[in-house]
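Here is the structure we will look at, set down as structure tokens.
Worth knowing before you read on, the calculation uses all heavy atoms, side chains too, and leaves out hydrogens, waters and symmetry mates.
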Amino acid sequence: MKLTVVGCTGSMSGPFSPASSYLVQARGEDPHTGQTRMFNVLMDLGPGSFGALWRYIDARKIDAVLFSHLHADHMGDVVSLHVHRRWYPTGPLGPITLAGPVGLMDRVRGVDGVGAEETYAGEFIPHVLKAGEALTIGPLTFTPYEANHTVPAFGFRVEGPSEGNPDERVEIAYTGDTDTCDSIVEMARGVKLLMSEAGFTNADEPRGVHLTGARAGAIAKEAGVELLVLTHIQPWTDPQVVIAEARTVWDGAISTAYAGATYTI
């Protein structure tokens, strides 16, 4: 299983990265052909990320997109994906799974500026996520865990084949946008890599919106993860500030996400 950071800037696109989008890849058997191929699944598709994705894969080969929640900074480029799949020069590319919280397709229509008559049937197969109900795409299994955010939101625990030994299963986790909550700790328990948002610093007082570096570090410690990767850092925040906060509670392996970073698990 391979994780590539397509975009990671918090709350908006930034000067060095698009907004949130993470590509998960693994090899598995195609149920239609019986052949082994690479499966490509995106967690979130924030502004600027669809174009950046072309640096890493042929965008025609996306198998599914899962939205952690429906704020624009995590799903705004869905319209670019729709246009690409409907109007590709050689003909429509066919529907792929589009998964997210309740209200998913109404939100997509709102971003696109169209009415209820638009079904996107040629581009998307909608799937409404529910906490604890796993979604399997090829060799990858995504299990949503309820997050603590301002709108319905999930983190994802992802299970897939190890790159070192395809017969072994490994797990990573992605918080989406969240503040501290028991379900996100449970999601992260024992994973090899936790991609945790840190949209706030200790200077930010509101709760129920984002984690700080310290709160992300506390989750990593309680959950016993192997590597903590801090992401969704605002473009005006020095990443070293967030790392320093995390270091007050977490003494394990740590890094900050950047566009183009890859992790082989």
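- The neighbour count for Y56 OH, taken as heavy atoms of other residues, nucleotides or ligands under 6.0 Å away, is above 12.
- For R37 and F39, the positive end sits near the middle of the six-membered ring, less than 6.0 Å away and at most 45° from its axis.
- Hydrophobic clustering places M105 together with M75 (ILVMFWY residues linked when any side-chain heavy atoms are closer than 4.5 Å, directly or through intermediates).
- Proximity of T150 to D177: side-chain heavy atoms (C-beta onward) are nowhere separated by under 4.5 Å.
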May I have the step-by-step check of ring-ring contact (aromatic ring centres under 6.0 Å, His included) for W54 and H84, ending in yes or no? CA-CA 12 Å; W54 293 34; H84 182 259; 5.4 Å; yes
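- One hydrophobic cluster, built from ILVMFWY side chains closer than 4.5 Å, cannot hold both W250 and L193; they sit in different ones.
- The CZ atom of R247 sits 10.5 Å away from atom CD of Q240, with the distance rounded to the nearest 0.5 Å.
- A donor-acceptor contact shorter than 3.5 Å is absent between the side chain of N40 and the backbone of D63.
- Ring-plane geometry between Y22 and Y174 is classed as tilted, the angle between the planes lying from 30 to 60 degrees on a 0 to 90 degree scale.
- Hydrophobic clustering places M187 together with V225 (ILVMFWY residues linked when any side-chain heavy atoms are closer than 4.5 Å, directly or through intermediates).
- Between the side chains of Q234 and S11, at least one donor N or O lies within less than 3.5 Å of an accepting N or O.
- A heavy-atom distance below 4.5 Å is found between the side chains of H232 and D73.
- Listed here is the closest heavy atom pair of K130 and P144: O-CG, 3.6 Å.
- When each of I125, V78, L81, D112 is tested with Y120 by the rule side-chain contact (heavy atoms from CB on, under 4.5 Å), just one qualifies, namely D112.
- One hydrophobic cluster holds both M195 and I265 under the rule that ILVMFWY side chains link at heavy-atom gaps under 4.5 Å.
- For the salt bridge (charged side-chain N to carboxylate O under 4.0 Å, His left out) condition, no pair includes a residue of residues 1-13, sequence neighbours left out.
- Residue D251 places its CG atom among 12 or fewer non-hydrogen atoms of other residues, nucleotides or ligands, all under 6.0 Å distant.
- The existence of a salt bridge linking E159 and R169 is confirmed by a sub-4.0 Å separation between a basic side-chain nitrogen and an acidic carboxylate oxygen.
- The pair E163-K192 does not meet the salt-bridge criterion, since no charged nitrogen lies less than 4.0 angstrom from a carboxylate oxygen.
- Scanning both residues, A121 and P95, for their nearest heavy atoms gives O-CB, 3.8 Å.
- A salt bridge links R109 and D106; the closest N-O separation between the charged side-chain nitrogens and carboxylate oxygens is under 4.0 Å.
- Using a distance-only test at 3.5 Å, with no hydrogens or angles considered, a donor-acceptor pair links the side chain of S162 to the main chain of G164.
- Closest approach of A259 to C8, counting heavy atoms only: N-SG, 3.9 Å.
- Ring-plane geometry between H74 and H69 is classed as tilted, the angle between the planes lying from 30 to 60 degrees on a 0 to 90 degree scale.
- A donor-acceptor pair is defined here as one N or O able to donate and one able to accept, closer than 3.5 Å; no such pair exists between the side chain of Q25 and the backbone of M38.
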Can you give me every donor-acceptor pair (side chain of residues 213-220, partner residue at least two apart or in another chain, under 3.5 Å) with its distance?
from: R215; atom 1: NE; to: D179; atom 2: OD1; distance (Å): 3.0
from: R215; atom 1: NH2; to: H210; atom 2: O; distance (Å): 2.8

Between Y263 and L227, is a side chain to side chain contact (heavy atoms under 4.5 Å, CB included) present by the stated rule, with each step listed? CA-CA 10 Å; Y263 303 87; L227 170 63; 4.2 Å; yes
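- No donor-acceptor pair under 3.5 Å is formed between the side chain of T178 and the backbone N or O of H149.
- Linking ILVMFWY side-chain heavy atoms closer than 4.5 Å, directly or via other members, places L3 and L230 in two distinct hydrophobic clusters.
- Side-chain atoms of L70 and L104, non-hydrogen and from C-beta on, do get closer than 4.5 Å to each other.
- The side-chain contact (heavy atoms from CB on, under 4.5 Å) with S49 is formed by just one residue from the set V6, L23, T9, L42; it is V6.
- Shown here for L211 and E197, the closest heavy-atom pair between the two residues is N-OE1, 3.1 Å.
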Worked check of side chain to side chain contact (heavy atoms under 4.5 Å, CB included) between V65 and V41: CA-CA 6 Å; V65 179; V41 180; over 6 Å; no
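- The shortest heavy-atom contact between P239 and T256 is CB-CG2, 4.0 Å.
- In this structure, F156 and T143 have side chains that are not in contact, with every pair of non-hydrogen atoms separated by 4.5 Å or more.
- The shortest distance between side-chain heavy atoms of L194 and V229 does not fall below 4.5 Å.
- Counting all heavy atoms, side chain and backbone alike, D44 lies closest to S21 at O-OG, 2.8 Å.
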